[in-house]
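Keep in mind that the numbers below use all heavy atoms, side chains included, and drop hydrogens, waters and symmetry copies. Counting from 1, the numbers follow the sequence of the chain as shown.
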Amino acid sequence: MDVEHSQRFLIPIYDVLDGEHEFTFQVSKPFFEQFKDSEIRDGDLTLKIILNKQGQNMGLDVRIQGTVNVCCDRCLEYFDLSVEYESGSVEIKSEVSGVEEDDDEVIYIPEKEKEIDLTQYVFESICLQVPYRHVHPDDEHGQSTCDPRMLEKIKQYSVNEEKIDSRWEELKKYLENNN
């Protein structure tokens, strides 16, 4: 990760007083450029982090809202997809002798760390909100908003006629006769 040109989300935790502390960041193109294999190429999101500290106990509430720019799986044009994420309370714990439990609701940090870097956590949280298949949404009339030229090409090269293999027909007759 190129630290000089990257967008990172660092939250101070060392000398933080007890209580609630709010941090707001903008997530944009430089953030997604850090992750070379990301299917998200751009975004316009607001990241709100609330750090809650009570003595030695610390927790985070993370809210992400906005849009990400992804490629449509149908027409191959990029479009903005709405994203909304709200975590439950994520606990911050110190690593003890390098032993970490596997828990999605806990972030482990080295002892006496002065700040926590949430860059990877934010990226993964955003990616998990993007559906496996991304397609332009339909308009208010239920019509696709995909590129009409590409939809026409898909229709042109699609095979609409379904031929059934004769062997399956024989099997179907056999099953019908034995029921």
Side-chain angles (χ1 to χ4, degrees), residues 1-2 6-7 9 25-49 59-93 95 98-108 117-179:
M1 204 180 319
D2 184 3
S6 67
Q7 189 175 20
F9 305 112
F25 300 97
Q26 287 305 119
V27 182
S28 59
K29 188 172 188 155
F31 175 74
F32 295 105
E33 288 174 344
Q34 303 177 83
F35 302 94
K36 300 295 181 207
D37 295 329
S38 174
E39 63 185 345
I40 302 171
R41 96 183 209 184
D42 196 356
D44 182 20
L45 301 118
T46 300
L47 167 63
K48 189 177 284 188
I49 299 169
L60 295 174
D61 289 318
V62 179
R63 293 183 195 107
I64 304 169
Q65 190 171 12
T67 60
V68 292
N69 193 256
V70 293
C71 183
C72 177
D73 290 335
R74 183 184 300 146
C75 72
L76 305 178
E77 277 194 2
Y78 281 86
F79 72 102
D80 289 334
L81 178 70
S82 183
V83 170
E84 216 169 297
Y85 171 76
E86 190 167 337
S87 74
S89 188
V90 179
E91 196 175 349
I92 300 173
K93 287 186 176 182
E95 292 177 351
V99 176
E100 296 179 13
E101 298 174 26
D102 190 18
D103 191 343
D104 293 340
E105 296 172 5
V106 177
I107 296 175
Y108 292 95
D117 185 353
L118 294 174
T119 304
Q120 187 68 36
Y121 178 84
V122 169
F123 176 71
E124 290 173 6
S125 297
I126 293 169
C127 287
L128 288 172
Q129 301 314 303
V130 175
Y132 179 71
R133 183 171 185 257
H134 5 89
V135 179
H136 280 92
D138 291 343
D139 65 14
E140 61 274 357
H141 305 293
Q143 301 297 314
S144 174
T145 57
C146 283
D147 177 9
R149 294 173 299 162
M150 185 60 84
L151 291 178
E152 191 57 43
K153 286 285 184 195
I154 291 170
K155 187 176 176 183
Q156 178 183 350
Y157 290 105
S158 292
V159 178
N160 292 333
E161 192 176 311
E162 212 179 289
K163 277 194 163 186
I164 298 175
D165 189 332
S166 61
R167 293 174 289 184
W168 293 112
E169 277 299 319
E170 292 300 318
L171 182 59
K172 187 175 173 184
K173 287 180 193 174
Y174 176 77
L175 288 174
E176 287 172 359
N177 291 334
N178 289 321
N179 282 334

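- Ring geometry, F123 versus F35: the interplanar angle falls under 30°, so the pair is classed parallel (tilted spans 30 to 60°).
- Two residues are said to be in side-chain contact when any heavy atoms from C-beta on lie closer than 4.5 Å; F32 and L45 meet this criterion.
- Looking at L60 and L118, their side chains come closer than 4.5 Å, going by heavy atoms from C-beta outward.
- The minimum heavy-atom distance linking L81 with P131 is given by the pair CD2-CD, 3.5 Å.
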| query | Between D42 and Y78, does a side chain to side chain contact (heavy atoms under 4.5 Å, CB included) hold up when you go through it step by step? | reply | CA-CA 10 Å; D42 196 356; Y78 281 86; over 6 Å; no
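- To the nearest 0.5 Å, atoms CD (E33) and NZ (K29) are separated by 5.5 Å.
- Shortest non-hydrogen contact noted between C75 and D147 is SG-N, 3.6 Å.
- Atom CG of L171 sits about 10.0 Å away from atom CD of E176, to the nearest 0.5 Å.
- Inter-residue side-chain proximity for Q26 and T46 is flagged as met; some heavy-atom pair is nearer than 4.5 Å.
- Between R74 and I154, the shortest heavy-atom contact is O-CD1, 3.4 Å.
- From D44, atom CG reaches atom CG of N69 across 10.5 Å, with rounding to the nearest 0.5 Å.
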| said: The test is side chain to side chain contact (heavy atoms under 4.5 Å, CB included); show your working for V70 and F79 and say whether it passes. | reply: CA-CA 6 Å; V70 293; F79 72 102; 3.9 Å; yes
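- Of the possible donor and acceptor atoms, none in the side chain of D73 sits under 3.5 Å from a partner among the backbone N and O of V135.
- Of the inter-residue distances, the one linking E152 atom CD with Y157 atom OH reads 11.0 Å to the nearest 0.5 angstrom.
- At least one donor-acceptor pair under 3.5 Å links the side chain of S87 to the backbone N or O of V62.
- In terms of modelled atom types and a separation under 3.5 Å, the side chain of T145 and the main chain of D139 share no donor-acceptor contact.
- Side-chain contact between E77 and H136: present, with at least one pair of heavy atoms (C-beta onward) separated by less than 4.5 Å.
- Side-chain rings of Y121 and F9 stay apart, their centers remaining 6.0 Å or farther from each other.
- In this structure the side chain of I49 reaches within 4.5 angstrom of the side chain of F25, judged on heavy atoms.
- Interatomic distance, Q143 CD to D138 CG, rounded to the nearest 0.5 Å: 7.5 Å.
- For the atom pair OH of Y85 and SG of C127, the computed distance is 12.0 Å after rounding to the nearest 0.5 Å.
- Proximity of a side-chain donor or acceptor of Q129 to a complementary backbone N or O of I126 within less than 3.5 Å is not detected.
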